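Since we're looking at a predicted model, the values are computed, not measured. In what follows, chains carry the letters A, B, and so on, assigned in the order in which the sequence lines appear, proteins first and then strands, with residues in each chain numbered from 1.
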Number of protein chains: 2
Amino acid sequence: MTQRLTHTEENYLKAIYKANEKTKSAVNTNTIAAYMNTSAASVTDMMKKLANKELIIYERYKGARLSPTGSKTATSVIRKHRLWETFLVQKLGFSWEEVHEIAEELEHINSDELITKLDEYLGFPKYDPHGDPIPSADGKFMLREQMILSQLNIAESGILVGVKNHETSFLSHLNKLNIALGSSILIKERSDFDKSLKVSVSEGADVVLTDMVAKNLLIRKS
Amino acid sequence: MTQRLTHTEENYLKAIYKANEKTKSAVNTNTIAAYMNTSAASVTDMMKKLANKELIIYERYKGARLSPTGSKTATSVIRKHRLWETFLVQKLGFSWEEVHEIAEELEHINSDELITKLDEYLGFPKYDPHGDPIPSADGKFMLREQMILSQLNIAESGILVGVKNHETSFLSHLNKLNIALGSSILIKERSDFDKSLKVSVSEGADVVLTDMVAKNLLIRKS
DNA sequence: ATATATTTTTAGACAAGACTAAAAATATTT
DNA sequence: AAATATTTTTAGTCTTGTCTAAAAATATAT
Ligand SMILES: [Mn+2]
Ligand SMILES: [Mn+2]
Ligand SMILES: [Mn+2]
Ligand SMILES: [Mn+2]
């Protein structure tokens with residue numbers, strides 16, 4: 001008997017889920033406010049509502065964590081988001097930096113049948129266009145061995161499997177550098193001064209990556 | 001500078017558009033209330049808001065009609081609705097009676113680029129799975145010569161090009177009778193008593209259609 | 001341990017979209 | 001032309017999701 005939630009409620013649950021992925025412990029009001037780009041007061045209001053609906057466990061001044069139901073809902077919204085992003089890129093020909101905003105709306109369309117059929121139509125993809133794992137219908141994520149590009153040593157190389165930053169500006173920057181999911185990146189030099197890297201992308205010409213960029217690239221060592 | 005509208009506002013504009021298609025003159029408060037399944041008071045409230053935003057021309061006690069901007073918006077929502085329905089049937093394998101509810105949500109997704117790409121992906125379809133014309137990006141509809149099945153005489157036949165009723169129960173009824181868009185329907189007998197028809201569908205076995213059904217079938221004489 | 005700073009909650013308001021009940025305007029009968 | 005019926009609007013409330021300003025709780029610094 002899954003209750004019908006508003007877009008806003010779903011977005012709050014997703015925010016708590018994502019914040020909780022990092023911190024592991026209960027999520028602060030201010031953290032959620034930052035994620036949701038709203039005021040702390042609004043967050044407190046919503047926490048009471050979500051707690052009433054038993055979607056979160058919330059204690060005044062202590063923060064919130066998802067209940068099993070809340071967690072299931074959040075995962076389902078993430079699943080929908082990532083399946084739609086995959087559709088937009090693979091079928092409609094969007095570029096990976098264009099799809100997040102649209103998927104933010106599509107993720108709230110309410111139809112299990114639709115998602116089942118979309119998943120099948122896409123061939124049951126396991127990762128979205130940013131390399132993020134797509135949870136299965138029962139909420140399980142495909143785990144993957146991965147590390148951050150900055151952690152590689154000189155002469156080591158990796159395959160890009162994901163990005164930590166999803167902003168359009170960052171993804172467009174990668175486009176310009178000819179870096180995409182699946183690109184092979186070989187470390188050639190590291191500056192002692194600013195940690196910037198000279199790398200070769202897929203055996204092509206050398207390019208320079210700032211540490212800022214390198215920290216946001218997830219690779220599988222190759 | 002098209003203002004961003006809520007789902008509700010878009011639905012009201014669509015309701016006025018559809019009601020106006022039939023009556024041609026200004027649309028009554030009660031008519032809109034029936035379309036929107038809401039109270040007359042709520043409609044009056046909304047009429048004031050839409051008039052303020054110059055999406056409709058509204059006069060107290062006289063009813064509403066769409067402004068050029070309102071008409072453009074309504075047409076665009078209908079275009080999105082019908083393109084999504086086409087996607088659901090042609091690409092995801094839904095049946096024609098399953099798609100309306102889902103399209104009611106999808107029609108509010110806000111991205112011109114998305115609709116342009118979806119249209120292209122579907123091969124620029126001119127009619128949706130119910131035979132309704134899909135307006136072009138600039139709001140033009142493909143006109144078509146059509147008539148109601150009931151108007152045919154004995155021994156005449158037609159190709160089903162559309163349905164006037166979109167309810168799931170009606171469409172499922174047609175499924176059972178093996179009637180689909182493109183079916184050829186030949187009139188064999190008409191009852192004087194209740195106007196029910198004996199017809200043969202695509203050269204198959206005879207079936208009986210009540211006048212209620214026949215009135216909702218749009219055909220091209222063949 | 002006390003003072004100060006930060007975080008979080010409460011209080012009070014507002015806009016959107018809905019409702020019911022009552023009043024006002026318009027339409028239809030007689 | 002009245003009387004009656006129907007339609008539409010107004011008035012007053014409610015819920016959701018938001019806000020600002022002030023109060024309360026917790027954390028940090030002295
Ligand atoms: Mn995204
Ligand atoms: Mn993504
Ligand atoms: Mn429809
Ligand atoms: Mn349709």
Asker: What's the CG-P distance between A:Leu55 and D:dT16, to the nearest Å?
Answerer: 14 Å
Asker: Please report, rounded to the nearest Å, how far the C1' atom of D:dT8 is from the CG atom of B:Asn30.
Answerer: 8 Å
Asker: Is the distance from OP1 or OP2 of D:dC19 to the nearest side-chain N or O of A:Ser39 less than 4.0 Å?
Answerer: yes
Asker: Please tabulate, for the side chains in residues 43-66 of chain A, all donor-acceptor contacts under 3.5 angstrom to protein atoms that are two or more places apart in sequence or on a different chain.
Answerer:
| residue | atom | partner | partner atom | Å |
| --- | --- | --- | --- | --- |
| A:Thr44 | OG1 | A:Ala40 | O | 3.2 |
| A:Lys53 | NZ | A:Glu9 | OE2 | 2.7 |

Asker: Note the angle between the end axes of the helix from C:dA1-D:dT30 to C:dT30-D:dA1, five pairs defining each, rounded to 10 degrees.
Answerer: 0°
Asker: Just N and O in the side chain of B:Thr6: are any of them under 4.0 Å from OP1 or OP2 of C:dA16?
Answerer: no
Asker: Look only at the side chain of A:Arg220 and the backbone of A:Gln146, and say whether a donor-acceptor pair between them is shorter than 3.5 Å.
Answerer: no
Asker: B:Tyr12 OH to C:dG17 P: how many Å, rounded?
Answerer: 9 Å
Asker: Let me spell it out: for each of A:Tyr58 and B:Lys62, pick the nucleotide of DNA chain C with the closest heavy atom. Which residue's pick is nearer the 5' end?
Answerer: A:Tyr58
Asker: Nearest to the side chain of A:Tyr61, which nucleotide is it out of D:dT26, D:dT8, C:dG17?
Answerer: D:dT26
Asker: Side-chain donor-acceptor pair under 3.5 Å between B:His166 and B:Asp132, yes or no?
Answerer: yes
Asker: Mind calculating the distance between CG (B:Asn28) and P (C:dT26) to the nearest angstrom?
Answerer: 14 Å
Asker: Taking only the side-chain nitrogens and oxygens of B:Thr29, find out if one of them lies under 4.0 Å from OP1 or OP2 of D:dT9.
Answerer: yes
Asker: Are the aromatic rings of B:His100 and B:His130 close, with centres under 6.0 Å apart?
Answerer: no
Asker: Given that A:Glu9 and B:Glu59 both sit by DNA chain D, which one's nearest nucleotide is further toward the 5' end?
Answerer: B:Glu59
Asker: From NE2 of A:His7 over to C1' of C:dG17, roughly how many Å is that when rounded to an integer?
Answerer: 15 Å
Asker: Under 4.0 Å from any atom of DNA chain D, heavy atoms only: list the residues of residues 42-53 of chain A that qualify, in numerical order.
Answerer: A:Ser42, A:Asp45, A:Met46, A:Lys49
Asker: To the nearest angstrom, how far is B:Arg60 atom CZ from C:dA23 atom P?
Answerer: 17 Å
Asker: How about B:Phe87 and A:Phe87: are their ring centroids closer than 6.0 Å?
Answerer: yes
Asker: Any sub-3.5 Å donor-acceptor pair from A:Ser172's side-chain atoms to A:Thr168's backbone N or O?
Answerer: yes
Asker: Are B:Asp138 and B:Lys72 ion-paired here, with the side-chain N under 4.0 Å from a carboxylate O?
Answerer: no
Asker: Which part of the nucleic acid does B:Thr8 contact within heavy-atom distance under 4.0 Å: base, sugar-phosphate only, or nothing?
Answerer: sugar-phosphate
Asker: Taking the six-membered ring of A:Tyr35 as reference, does the NZ or CZ atom of A:Lys18 fall below 6.0 Å from its centre and within a 45° cone about the axis?
Answerer: no
Asker: In terms of side-chain geometry, is the basic nitrogen of B:Glu107 or B:Lys14 positioned less than 4.0 Å from the acidic oxygen of its partner?
Answerer: yes
